[in-house]
Amino acid sequence: MAEDKLTSRSENYSDWYNQVVLRADLADYAPVRGCMVVKPYGWALWENIQRELDLRFKETGHVNAAFPLLIPKSFFEKEKEHVEGFAPELAVVTIGGGEELEEPLIIRPTSETIIGYMYSKWIKSYRDLPVLINQWANVVRWEMRTRLFLRTLEFYWQEGHTAHATAEEAQEETLRMLDVYADFAINEAAVPVIKGRKSETEKFAGAINTYSIEAMMGDTKALQAGTSHYLGQNFAKAFDIKYLDRNNTLQYCWTTSWGLSTRFIGAIIMTHGDDQGLILPPRLAPYQIVIVPIYKNDQERSVVMEYIEKVQSQLKGFRYRLDDRSELTPGFKFNEWELKGVPLRLEIGPKDVEKHAIMAARRDIPGKAGKISLSIENLDLKIENLLNEIQQSLLEKATEFRDQNIHFADSYDELKQIVENGWAEAWWCGSAECEAKIKEETKATTRCMPMDEKIRGKGKCVYCGAEAEKRIYFSKAY
RNA sequence: CGGGGUGUAGCGCAGUUGGUAGCGCACCGCGUUUGGGACGCGGGGGUCCGCGGUUCAAGUCCGCGCACCCCGACCA
């Protein structure tokens, strides 16, 4: 319950973040280090994220399935880069039913291996392709440092795994799903993202190419908000995923995988939140509207509540909640629902009853400026418009903030300065050494090489001065 | 794994030279309140992180653990 002011974002951003998560009732710390409980309010947000993504997966021809949590250890040894990438963060089960296991079992950190194994059993012919399966699951990665939602030992996500007959198809799929993520982020979460390709260093262990959507948080740090991997034939060869083509020749499949996790909740918090707390985009908010009744005595109360009944009949199409707790003052409720990020608050008291109106308060515009009295005539339409406006305004504000904090770096000195508080876009020769040096000296990592067609040409590597054909973003990241 | 910090009521904290564990908020009851975080009165709630030691006596002193948070190295 919220009784004191939040730490402000400028005072201590990470403190602000933790307080928002806990006090907005999104999540709580679990008894195991690095683990969290997603509380009902946080889970409701996740369910809305799931709904929007799942809809898009289905529209693009995917189906859901569920693969097991436990994976034989040997599976992880079949793809060389995959082992090396994941070995340090695996949780291993060695005892079952009181007996030492013959082969230890890995708690999945991701499911390429076990799904690859199954695909090799299922896929025989080109007629079986493509296989387009997604699963909603939890995974475990033994991280050193954890943060609520952003990095926990266990997290929830979806992972899509597809197999195709040709490299082209698999590449198309990889980019199609990247587009799906970007569309979701921008149009549902109002989180502006940049699509791009990861550097060799930053790509997924076992992938040929990794693509990501990158979002800028309120402190200008970057957050990788979703990833899509083109796996080529790496996993097909490791797991023997083969099919007979039209010419009766045995071929390895081409596979992809792509994922978006509960980390995205962190992206929403840090993209839109302000010093009052969370601000949720209307399209994903568990409650789009909260009604706070106002009255001085029982007589007023019954008049107001009766009026609210009428108002509610116009709210059927929205996710709304009536806060009729009698033991709390309206002022307290205002603050609490602001902390929890509800996009629109309806204040309804005797004055409104008299005027046949309600007082609407926009979460994205603090204080009096965001309040507007609306007559209840066609209230549903007015509210729908308001919610749309809020959704759009959140996206605009976030986009503007991001664009203001991305700068082109002509020199390394400039880059160093830019990444102190923003993203630097720069020419990069493509060498891992330059990347590593920059990271070492500035703590900024490469985020992605933007897909944007406009950005073509040649320049000099911002670090070594060599001929460069790639532009890439550098920034500190979560 | 390095550096820093913190463990006392649900949360935030105080607890002096060692001497019967307290405050604020939250919670429960009653009443008055209610358009931007209400107030009064009454009440319930403790393995003082754990183990060992010193002492007549330990929340307090000593030793060893453990956990969590923050900052780094590593990562969705």
Tell which nucleotide pairs with [N], taking only Watson-Crick or G-U wobble pairs whose two distances are both under 3.5 angstrom.
| N | answer |
| --- | --- |
| B:C61 | B:G53 |
| B:G12 | B:C23 |
| B:C1 | B:G72 |

Distance test, side-chain N/O of [X] to OP1/OP2 of [N], below 4.0 Å:
| X | N | result |
| --- | --- | --- |
| A:N18 | B:C70 | yes |
| A:S14 | B:C71 | yes |
| A:T329 | B:A38 | yes |

For a quick check of understanding: with a heavy-atom distance under 4.0 Å over all strands, which category does [X] fall into, base, sugar-phosphate or nothing?
| X | result |
| --- | --- |
| A:L223 | nothing |
| A:R141 | base |
| A:E338 | base |
| A:D352 | base |
| A:P350 | base |

Side chains of A:E202 and A:T445 only: does a donor on one sit below 3.5 Å from an acceptor on the other? no
Any idea which of B:C70, B:A73, B:G36 is nearest the A:K443 side chain? B:A73
Among B:G37, B:G36, B:G35, which is the nearest nucleotide to the side chain of A:F332? B:G37
Using the [atom1] atom in both, what is the distance from [N] to [M], to the nearest Å?
| N | M | atom1 | value |
| --- | --- | --- | --- |
| B:G37 | B:G45 | P | 33 Å |
| B:A9 | B:U47 | P | 8 Å |
| B:C41 | B:G36 | P | 25 Å |

Does A:W157 have A:R141 sitting over its ring (NZ/CZ under 6.0 Å from centre, angle to axis within 45°)? yes
Examine A:R301 relative to A:Y295 and say whether NZ or CZ is less than 6.0 Å from the centre of the six-membered ring and inside a 45° cone about the ring axis. yes
Which pair of heavy atoms, one from A:L374 and one from A:A360, lies closest together, and at what distance? CD1-CB, 4.1 Å
Is any side-chain N or O of A:K368 under 3.5 Å from a base N or O of B:G35, one able to act as donor and the other as acceptor? no
Tell me whether the side-chain N or O atoms of A:E336 pair up with the base of B:G37 as donor and acceptor below 3.5 Å, since no angle test is needed here. no
What's the verdict on side chain to side chain contact (heavy atoms under 4.5 Å, CB included) for A:L280 and A:Y287, showing C-alpha distance, side-chain angles and the deciding distance? CA-CA 9 Å; A:L280 295 175; A:Y287 304 116; over 6 Å; no
